Amino acid sequence: MAIANFQEIDKKQQERWEKAKLFSAPRLPKTGKKFYCLDMFPYPSGQGLHVGHPEGYTASDIVSRYKRMNGYDVLHPMGWDAFGLPAENYAIATGVHPRITTQKNIDNFRRQIKSFGMAYDWDREIDTTSPDYYKWTQWIFLQLYKKGLAYQSTVPINWCPSCKTGLANEEVFNGRCERCQTPIEKKNLRQWMLKITAYAERLLEDLEGLDWPASTLMMQRNWIGKSEGAEVDFKVEGKAETIRVFTTRPDTLFGATYMVLAPEHELVEKITSPEQKAAVEAYRKEAAAKNEFERADAEKEKTGVFTGAYAVNPLNGKKIPVWIADYVLTGYGTGAIMAVPAHDDRDYAFAKKFGLDIIEVIKSEQGVAEKAFTGDGELINSDFLNGMRVAQSKAAIIKYMQEKGFGKAKTTYRLRDWVFSRQRYWGEPIPIVHCEKCGVVPLPESELPLRLPEVEKFEPSGTGESPLANITEWVNTTCPHCGGPAKRETNTMPQWAGSCWYYLRYMDNKNQNALVDPEIEKAYGPVDCYIGGAEHAVLHLLYSRFWHKVLYDLGVVHTKEPYAKLRHQGMILAFSYRDEAGNYHTYEEIDFSDPANPKLKANGAKLTSMIEKMSKSKKNVINPDDILKEYGADAFRAYEMFMGPFDASKPWDMRGIEGVSRFLKRVYSWADDLKVSKDAKLPKEVEILKHKTVKKVSEDIESFSFNTAVSALMIYFNELSKYKEVDENSFEVFLKLLHPFAPHITEEIWQNAGHETFLLNERWPSYNKELLLEEQIEIGVQINGKIKDRVKLSADSDKAAHEKAALGSEKIQNLLKGQNIIKIIVVPGKMVSIVARPS
RNA sequence: GGGCUGGUGGCGGAAUUGGUAGACGCGACAGACUUAAAAUCUGUUGAUCGCAAGAUCGUGGGGGUUCGAGUCCCCCCCUGCCCACCA
């Protein structure tokens, strides 16, 4: 019996595949059946791959190989999302140019990914930092600019004082910078913005036809945040000003007892009375000093100040006071609200605190003495709306307002325009010049790519300008329009830019004349299956859909959506072990002989195990290189798939991989000793099991149930391995089914069996439905809902046969003595349930 | 506070539309092989009672619907993730 050296097999087969260019996709699909299977490409960090990366890559690899064996032309590429802060921060700290670090990291990532034997077409590799690539990122920016979708604006942006750059709303979490956790400040800066809001409705509507996880669709919907309501104008008493508010509850207009403006609202100064001026000023200052996080804390007590002004309710002419309060946000709606304390929780809390009126306008059992009522009900105290329900009165009041001219139906979105510029070096230069005479002038397309110039210092200036601003010979240029002196834009694009459209470039990555050849795009687009982490549910996936729609409008792509099917891999966690003193211990220090109570080898201390995220401080980080060295690529791949459901977060268990590794070793040594002959005939049950396994594995791959697919393969092998001599078909079917999960070892066995072909070019096995019906199955027999016996019959038995078999059981007959059978329920293939009562 | 997940043996996890709970793997125990150990192979392994046949209990807790509930309904507890004053 040969002992497999998996590392050697991995290397040998990978070299064979590479030499044969086995994974290269044709320029155009030849078969008429194409499958584009895409992984979210990684940021090549200095730490190298972690075990989470290969989880998604293995899944996409299995799907790709499966589709290929089913006769598809499969496009399965890989590349690098290589602009970004870590390389730049590293440059600031060490002076090493980001290009050098990035190249080194890419080489390391490529080496690691190749070591897993992934079926990528490496000729299609892309790198977002290559001028050949970012030429087209810049080209898309120019198209956005021409369509009026890119504009400059001086906006109070989220400013990270540590990264010294502006951040998009999407990059701010709990008022802190997503990357460095520093609390965000507000800073006014000139920024490039992308008008993603112009596409809000389409981004929302087109979610409809996507095969995406429901939770991701939900998050996108919430992020776009469509809300239908009305805008209503309130006159300010004794002034010319009008306050416009947005409300989703125009039906409660008769219940409006005060108004609130955001502290930053432009009308505040104009309407504030002299007596209130000091208080208002003080409050505005206070609000400005608070950071986003403090202001957004919904739990805190409401604060606010009366402006001294009154507005007039346009329905009944009633005077209501105008306040300012920071629970009203500038960025949403109109930055002003009509407050209906009876039917809004926040308004209620505010009114209670400041002793403002509460007028009930919707009837409810509970009333509004204790808290606001936000449900549906009948309108009261509302003149011509009385007696209507909420929906009906909304329509009626909007119609009335439109007739009278003080309000109208209005849809708002939570989605904001995208702050698209960064004050950074390591990003795509924005292809714009600022001319003294002509103003903003886009570069002609012929001047692309606009290359990133060399700099000596990578620090952002901290004043809001990027390091590029210091390179005068680059900044100073001539205007492409008038030829006069001009300055280049020194902002660069955010990291998201390159990943917005990369799936298109893989299709045609060497094209010098177009982003992608339209013929090729038509043939390969859209992405049929997209795999990556759920953390991109609203960032990358929304931006990318936005750009795709713009490209669709330009005729560059032929589908409305870029990614037809999307699946997320779960996060891989790890067991960590902590002793009573709170110190973490590495796996090497732990004696696992008693798993219920692992002991430290060193001192025998009692440990508690926890499932946590991998982190150095918890000493539970798993390095893929180490695993590969010990177990080989196939065991790694198969274990990652076997651990648990693909989309669930699950812990890496150092002992768990042993099982899969043993399985593969057994497969190898069994095949090594095996006699494959034409005459060998396996028992019928084994033959049926083969067909069952083909069905199960095929269906499981389609549904991303890789864990149960591996399990089915183990079950089949446990049976098959009892035989030293098998027929050719059984042997080959098993190898083919296992191949996507463990490509190296199966290819090795295939080759050892005398084949010079590759398994990937073999056809995926099919199964015989009729044969499955001949299986002998065991069904349960219940009496009054309790299982009392089990009987065997063939899978195609009819109901009568089920009943006969159940009543034929001696045990059942004994139990039924002295009982009257009231009813017999037969579920074919599952069970027979007998309802009986004592006679 | 809101939304979305999930809660099944010592552990990771299986279980179409309600239909034999615990597949598969790990670990553990016993045995074989070995001078010995590792590796490998074979068997056992939800709990309780029992010599056994077998019985009873059992999917976070409590109720309900049903011949039958991990799965459906109501109430409650807990975990994880996301969002967080969105008018």
Side-chain angles (χ1 to χ4, degrees), chain A residues 1 3 173-175 213-216 218-219 222-223 225-227 229 245-249 252 260 262 293 295-300 302 325-329 331-340 343-347 349-350 412-414 534-535 537-538 570-571 573 575 592-597 609 611 639 642-645 647-660 662-663 665-666 669 699 705 707-715 718 777-791 822-836:
Chain A
M1 188 183 76
I3 306 288
F173 289 103
N174 288 339
S215 57
T216 304
M218 177 78 74
M219 282 171 79
N222 290 343
W223 196 268
K226 181 177 183 172
S227 110
V245 304
F246 173 73
T247 176
T248 54
R249 297 293 305 275
T252 61
V260 186
F293 188 58
R295 271 188 72 164
D297 183 4
E299 298 298 296
K300 72 154 200 246
K302 295 271 179 293
D326 65 5
Y327 81 94
V328 174
L329 312 173
Y332 185 75
T334 61
I337 61 159
M338 63 175 212
V340 184
H343 305 291
D344 180 282
D345 294 324
R346 291 151 300 161
D347 297 347
F350 192 85
T412 47
Y413 299 89
R414 229 185 82 152
E535 68 274 16
V538 282
M571 191 183 301
L573 309 172
F575 286 95
F592 285 105
S593 57
D594 180 2
N597 183 23
S609 78
I611 293 172
Y639 176 58
F642 186 62
M643 282 165 71
D647 58 357
S649 55
K650 46 211 173 284
W652 183 283
D653 185 344
M654 281 316 243
R655 291 161 293 169
I657 193 174
E658 290 284 353
V660 178
R662 262 175 235 162
F663 164 63
K665 279 181 195 158
R666 286 210 315 271
S669 52
E699 287 172 356
S705 309
N707 55 336
T708 49
V710 174
S711 156
L713 286 164
M714 286 171 167
I715 293 168
N718 286 345
I777 55 167
E778 199 177 53
I779 64 158
V781 183
Q782 294 185 346
I783 296 179
N784 295 333
K786 298 231 172 198
I787 294 280
K788 293 296 180 187
D789 198 14
R790 290 158 219 265
V791 294
I822 294 173
K823 193 155 76 162
I824 298 181
I825 297 151
V826 178
V827 182
K830 298 286 181 190
M831 63 186 324
V832 175
S833 180
I834 301 165
V835 188

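Predicted model, so just to flag it, every value in this text is computed and none were measured. Just so it is clear: chains get the letters A, B, ... in the order the sequence lines come, proteins before strands, and each one is counted from 1.
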Q: Can you sort out the partners of Phe350(A) under ring-ring contact (aromatic ring centres under 6.0 Å, His included), two or more places apart, ordered by chain and number?
A: Tyr258(A), Trp323(A), Tyr327(A), Phe354(A)
Taking atom [atom1] in both [N] and [M], compute the distance separating them and give it to the nearest angstrom.
N: C26(B); M: U34(B); atom1: C1'; answer: 25 Å
N: U17(B); M: A28(B); atom1: P; answer: 37 Å
N: G43(B); M: G25(B); atom1: P; answer: 12 Å
N: U79(B); M: A15(B); atom1: P; answer: 27 Å
N: G80(B); M: G12(B); atom1: P; answer: 15 Å
N: A55(B); M: G3(B); atom1: P; answer: 47 Å
N: A38(B); M: U5(B); atom1: C1'; answer: 44 Å
N: G10(B); M: G22(B); atom1: C1'; answer: 14 Å

[atom1] of [X] versus [atom2] of [N]: gap in Å, rounded?
X: Met218(A); N: G2(B); atom1: CE; atom2: C1'; value: 12 Å
X: Lys650(A); N: A14(B); atom1: NZ; atom2: C1'; value: 15 Å
X: Met831(A); N: U16(B); atom1: CE; atom2: P; value: 15 Å
X: Asn222(A); N: C4(B); atom1: CG; atom2: P; value: 9 Å
X: Ile783(A); N: C67(B); atom1: CD1; atom2: C1'; value: 12 Å
X: Asp647(A); N: G12(B); atom1: CG; atom2: P; value: 17 Å
X: Met219(A); N: A84(B); atom1: CE; atom2: C1'; value: 13 Å
X: Arg249(A); N: C86(B); atom1: CZ; atom2: P; value: 14 Å

Applying side-chain contact (heavy atoms from CB on, under 4.5 Å), can you list everything that pairs with [X], at least two apart in sequence or on another chain?
X: Met571(A); result: Leu573(A), Lys613(A), Ser649(A)
X: Lys650(A); result: Glu55(A), Met643(A)
X: Ser215(A); result: Pro213(A)
X: Ile787(A); result: Gln782(A), Arg790(A), Met831(A)

So which nucleotide from [options] ends up closest to the side chain of [X]?
X: Leu329(A); options: A14(B), A87(B), C67(B); answer: A87(B)
X: Ile825(A); options: U16(B), C67(B), A14(B); answer: C67(B)
X: Val835(A); options: C82(B), C67(B), G19(B); answer: C67(B)

Which residues pass the side chain to side chain donor-acceptor pair (under 3.5 Å) test with [X], sequence neighbours left out?
X: Thr248(A); answer: none
X: Tyr413(A); answer: Glu201(A)
X: Asn718(A); answer: Arg666(A)

Q) Where are the stems of RNA chain B, defined as at least 3 consecutive Watson-Crick or wobble G-U pairs with both distances under 3.5 Å? A) B:1-4 with B:80-83, B:10-12 with B:24-26, B:27-32 with B:40-45, B:46-49 with B:54-57, B:60-64 with B:72-76
Q: To the nearest 0.5 Å, tell me how far Tyr639(A) OH sits from Asn707(A) CG.
A: 11.5 Å
Q) Roughly how far, to the nearest 0.5 Å, is the CD1 atom of Ile783(A) from the NZ atom of Lys788(A)? A) 7.0 Å
**Q.** Considering all heavy atoms, the nearest Tyr332(A)-Ser227(A) contact
**A.** OH-OG, 3.2 Å
(Q) With a 3.5 Å distance limit and no angle check, can you tell me whether Asp347(A) reaches the backbone of Val340(A) through a side-chain donor-acceptor pair? (A) yes
Q: Give one of base, sugar-phosphate or nothing for Ser833(A), where a contact means two heavy atoms less than 4.0 Å apart.
A: base
Q.
Classify Met643(A) by what it touches in the nucleic acid, base, sugar-phosphate, or nothing, heavy-atom distance under 4.0 Å.
A. sugar-phosphate
Would you list the protein and nucleotides 54-60 of chain B atom pairs, both N or O, that sit under 3.5 Å from each other?
| residue | atom | partner | partner atom | Å |
| --- | --- | --- | --- | --- |
| C57(B) | OP2 | Lys786(A) | NZ | 3.3 |

Q) Taking for each residue the nucleotide of RNA chain B bearing the nearest heavy atom, is the 5' side occupied by Ser215(A) or by Arg346(A)? A) Ser215(A)
Q | Gly225(A) or Gly829(A), whichever maps to the more 5' nucleotide of RNA chain B | A | Gly829(A)
Q: With syn defined as a glycosidic angle within 90° of 0 and anti as everything else, classify G22(B).
A: anti
Q) Which parts of nucleotides 21-26 of chain B does protein reach within less than 4.0 Å, heavy atoms only, written one letter per nucleotide 5' to 3' as B for base, S for sugar-phosphate only and - for none? A) --BBSS
Q) Can you name the salt bridge (charged side-chain N to carboxylate O under 4.0 Å, His left out) partners of Glu658(A), sequence neighbours left out? A) none
